[in-house]
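Right, one structure below, let's go through it.
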Amino acid sequence: MQRTEISAYGEFGLIKYLTEKFKIENPSTLKGVGDDAAVLSYENKKVLVTTDLLLEGIHFDLVYVPLMHLGYKAAVVNFSDIYAMNGAPKQITVSIGVSKRFSVEDLEQLYAGIQMACTKYGVDLIGGDTSASLTGLAISITCIGEADEDKIVYRNGAKENDLICVTGNLGSAYMGLQLLEREKVVFGANSEAQPDFENRDYILQRQLKPEARKDIVELLAEKGVVPTSMMDISDGLSSELLHICTQSNVGCRVYEDKIPINIQAVIMAEELNMSIVTAALNGGEDYELLFTVSLEDYDKIVGMEGVAMVGHITKSALGLQLVGREGDEIELRAQGWNSLEE
Ligand code: ADP
Ligand code: MG
């Protein structure tokens, strides 16, 4: 493959080259890339802002993550945070630190992934910053979104008796990561080895190309449901339940057999001698939504495609309880998926 050094373009040429394929689509974007600052116009809406920093070797491993996927994921995880407030993402800025190891073609791949995500979710790229780095690749994305003031959903609104809901399934992205890590070790021992990815496409996709639950946020709006609390599941269900319960000053009862899991994830867990329930509770990066709704909304939620009811909110004094398949109860602890703890 062709390799063009970044120095051949210079900073301004590079930014222009990477960003000129992006088209502005939102009326709230008055000015995007190209001036000292972008200009936005939000009328009658509240503005949501979220940001994420991804460092090579800490948050991603380029041995098995293609740059296009990295770009896609880096954008989508930010969109997920905006959806988790019951909002809609509209703009992003993308800042990168790049070492000499990376060529113009590499960055083109990264931006192709970012563009794919922007196109799919209707988000405009409006700016960023570019710097040389001594230690590999760093990406920071800031996402700006909008919401009606009375529709914004915080983590602190869960009330006793509310139903606890989870979208999609949990633990799949973690099992995808376990598979990639295993194949990396196999490949390290024998570079002739071909990765064994048959019938693993789903969990790999969940790890490498996650999606944000725009569909569910739109479905809830369509049905006239405003959750009482909501967040996205990036660190595992236990950790997120702990956030919602602590901030709402409530407890919860969650039923193990109600936690949605995918069959490929189950098979992978068995093969690796791991517990899929542990992966669902403590694995990371599912980017599903965890939300609570008032009991009055039961009828609207019960048949909703892609939404599972996993338990209910209790008094704070009852703590966070996981009810096992045999009716046994365990206190939920947040182990989480914390890159600082490794
Ligand atoms: P400044 O010197 O004011 O920081 P820059 O030359 O860094 O300006 O940026 C020029 C324009 O290009 C600005 O609109 C900025 O937001 C945008 N930009 C810079 N780097 C990136 C990037 N990596 N991705 C997208 N836009 C960028
Ligand atoms: Mg700059």
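Ligands are counted one by one from 1 in listed order, and the atoms in each one are counted from 1 as well.
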Salt bridge [X]-[Y], side-chain N to carboxylate O under 4.0 Å:
X      : Y     : answer
Glu25  : Lys23 : no
Arg101 : Glu56 : yes
Glu5   : Arg3  : yes

Q: Indicate the ring-plane relationship of Tyr111 and Phe22, choosing parallel, tilted or perpendicular according to the 30° and 60° boundaries.
A: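 Perpendicular, since the angle between the ring planes exceeds 60°.
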
When only distance counts, is [X] in polar contact with ligand 1, meaning an N/O pair under 3.5 Å?
X      : value
Ile126 : no
Gly34  : yes
Ile15  : no
Ser95  : no
Tyr111 : yes

Q) Between Lys258 and Tyr255, is NZ or CZ placed under 6.0 angstrom from the six-membered ring centre and within 45° of the ring axis? A)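 Here Lys258 passes the 6.0 Å and 45° test against Tyr255.
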
Q | Nearest option to atom 20 (N) of ligand 1, as decided by whichever heavy atom of Val98, Leu125, Leu110, Thr130 sits closest | A |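 Comparing heavy atoms across Val98, Leu125, Leu110, Thr130, the nearest one to atom 20 (N) of ligand 1 lies in Thr130.
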
Q: Check each of Gly97, Ala38, Gly128 against atom 27 (C) of ligand 1 and report the one with the nearest heavy atom.
A: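 Shortest heavy-atom distance from atom 27 (C) of ligand 1: Gly128.
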
Q: Could you tell me which residues satisfy ring pair (Phe, Tyr, Trp, His ring centres under 6.0 Å) with Phe291, sequence neighbours excluded, listed by chain and number?
A: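 Scan of Phe291 (ring pair (Phe, Tyr, Trp, His ring centres under 6.0 Å), adjacent residues dropped) gives none.
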
Atom indices of ligand 1 within 4.0 angstrom of [X] heavy atoms, with elements:
X      : answer
Glu11  : 6 (O), 7 (O)
Gly127 : 16 (O), 25 (C), 26 (N), 27 (C)
Asp35  : 13 (C), 14 (O)
Phe12  : 6 (O)
Thr19  : 25 (C), 26 (N)

Q | Asn169 (side chain) donor-acceptor with Pro260 (main chain) under 3.5 angstrom | A |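 No, because the side chain of Asn169 does not come within donor-acceptor range (under 3.5 Å) of the backbone of Pro260.
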
Q. When Ile, Leu, Val, Met, Phe, Trp and Tyr are grouped by side-chain heavy atoms lying under 4.5 Å apart, directly or through other members, which residues fall in the same group as Val39?
A.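 When side chains under 4.5 Å apart are linked, the cluster holding Val39 also contains Leu30.
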
